[in-house]
Peer 1: 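Mind having a look at this structure? Questions to follow.
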Amino acid sequence: MGNMQKMMKQVQKMQADMAKLQEELAERTVEATGGGGAIKVVANGKNEILSISIAPEAVDPDDVEMLQDLILTVVNEALRKAQEMVSQEMSKVTGGMKIPGLF
């Protein structure tokens with residue numbers, strides 16, 4: 001019975017640590033750039049895009065499709081970096097254990 005209580009306390013501590021970390025990660029940001037720095041996207045640990053910066057020289061009215069593709073690529077890279085950051089930080093709390101639905 002003592003082992004079960006010990007295990008339950010460990011699980012509760014892990015849950016509390018994960019909840020705290022999720023709050024912290026919501027405030028942390030990652031940045032991705034593309035087009036030689038012409039496009040910059042900032043995302044947070046909640047996979048939210050916080051800002052998109054586009055240098056004026058990247059805007060070519062005759063080639064809007066290229067700009068759209070570049071923005072899409074950089075946004076996806078920012079989201080990938082955010083997910084990677086969350087995964088790395090959560091694995092520190094869970095000891096590398098993969099818990100479905102958490103991250």
Side-chain angles (χ1 to χ4, degrees):
M1 193 66 167
N3 283 340
M4 182 61 104
Q5 287 178 333
K6 182 179 176 184
M7 189 165 104
M8 289 302 292
K9 284 185 181 188
Q10 288 175 332
V11 168
Q12 288 172 342
K13 182 185 179 329
M14 185 186 306
Q15 287 175 325
D17 290 348
M18 287 174 27
K20 181 180 177 197
L21 182 58
Q22 285 175 329
E23 289 176 20
E24 291 172 9
L25 288 171
E27 301 299 318
R28 290 178 55 186
T29 61
V30 294
E31 182 179 298
T33 60
I39 308 292
K40 180 175 86 171
V41 175
V42 177
N44 67 14
K46 290 174 57 177
N47 284 328
E48 297 171 332
I49 301 300
L50 302 177
S51 68
I52 298 176
S53 301
I54 303 170
E57 60 271 10
V59 180
D60 179 356
D62 296 327
D63 196 2
V64 173
E65 189 173 302
M66 185 272 309
L67 180 58
Q68 291 169 337
D69 289 345
L70 186 55
I71 292 169
L72 185 61
T73 299
V74 178
V75 165
N76 284 328
E77 176 66 11
L79 292 175
R80 185 196 61 72
K81 285 181 173 185
Q83 290 169 347
E84 185 177 289
M85 174 185 67
V86 169
S87 181
Q88 286 176 353
E89 293 301 318
M90 283 294 185
S91 70
K92 292 176 185 176
V93 172
T94 64
M97 186 173 41
K98 297 286 184 190
I99 301 173
L102 288 181
F103 52 94

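The chain is numbered in sequence order, starting from 1.
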Peer 1: Under 4.5 Å between side-chain heavy atoms, hopping through other hydrophobics if needed: is there a path connecting Val30 to Val74?
Peer 2: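 No, Val30 and Val74 fall in different hydrophobic clusters.
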Peer 1: Identify the heavy atoms of Met85 and Gly45 that sit nearest to each other, and give their distance.
Peer 2: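 Reported closest heavy-atom pair: CE-CA, 3.7 Å.
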Peer 1: Is the shortest side-chain N to carboxylate O distance from Lys81 to Glu31 below 4.0 Å?
Peer 2: no
Peer 1: Set out, in order, the CA-CA distance, both residues' side-chain angles and the distance that settles side-chain contact (heavy atoms from CB on, under 4.5 Å) for Glu77 and Arg80, then state yes or no.
Peer 2: CA-CA 5 Å; Glu77 176 66 11; Arg80 185 196 61 72; 2.6 Å; yes
Peer 1: Quick one: closest heavy-atom pair of Ala32 and Ala78, and the distance?
Peer 2: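 The pair with the smallest heavy-atom distance is CB-N, 3.6 Å.
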Peer 1: Are Ile49 and Ile39 grouped together when hydrophobic residues (ILVMFWY) are joined by side-chain heavy atoms under 4.5 angstrom apart?
Peer 2: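 As far as the 4.5 Å side-chain criterion goes, Ile39 and Ile49 are connected within one cluster.
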Peer 1: Working to the nearest 0.5 Å, report the span between CD of Gln83 and CD of Gln88.
Peer 2: 12.5 Å
Peer 1: Measuring from Ser91:OG to Glu89:CD, what's the distance to the nearest 0.5 Å?
Peer 2: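 Ser91 atom OG to Glu89 atom CD measures 7.5 Å (nearest 0.5 Å).
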Peer 1: Are Met18 and Val86 connected, step by step, through hydrophobic side chains (Ile, Leu, Val, Met, Phe, Trp, Tyr) whose heavy atoms are closer than 4.5 Å?
Peer 2: yes
Peer 1: Closest approach of Ala26 and Lys46, non-hydrogen atoms and distance?
Peer 2: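 Nearest pair, atom of Ala26 first, then Lys46: CB-CD, 3.2 Å.
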Peer 1: Taking it one step at a time, do Ile54 and Leu67 satisfy side-chain contact (heavy atoms from CB on, under 4.5 Å)?
Peer 2: CA-CA 9 Å; Ile54 303 170; Leu67 180 58; 4.1 Å; yes
Peer 1: To the nearest 0.5 angstrom, please state how far the CG atom of Leu50 sits from the OG1 atom of Thr29.
Peer 2: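 Here the interatomic distance stands at 7.0 Å.
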Peer 1: Does one hydrophobic cluster hold both Leu79 and Met90, with members joined at side-chain heavy-atom distances below 4.5 Å?
Peer 2: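 No.
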Peer 1: Pick one: which of Gln22, Lys20, Glu27 meets side-chain contact (heavy atoms from CB on, under 4.5 Å) with Glu24?
Peer 2: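 Testing each of Gln22, Lys20, Glu27 against Glu24, the sole residue satisfying side-chain contact (heavy atoms from CB on, under 4.5 Å) is Lys20.
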Peer 1: Do Leu70 and Val59 land in one hydrophobic cluster if side-chain heavy atoms of ILVMFWY residues count as linked below 4.5 Å?
Peer 2: yes
Peer 1: Mind checking the CD1-CD1 spacing from Ile52 to Ile71? Nearest 0.5 Å is all I need.
Peer 2: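 Reported to 0.5 Å precision, the distance equals 6.5 Å.
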Peer 1: Which residue pairs satisfy the side-chain hydrogen bond (donor to acceptor under 3.5 Å, both in side chains) criterion with at least one member in residues 48-71, sequence neighbours excluded?
Peer 2: Asn44-Glu48
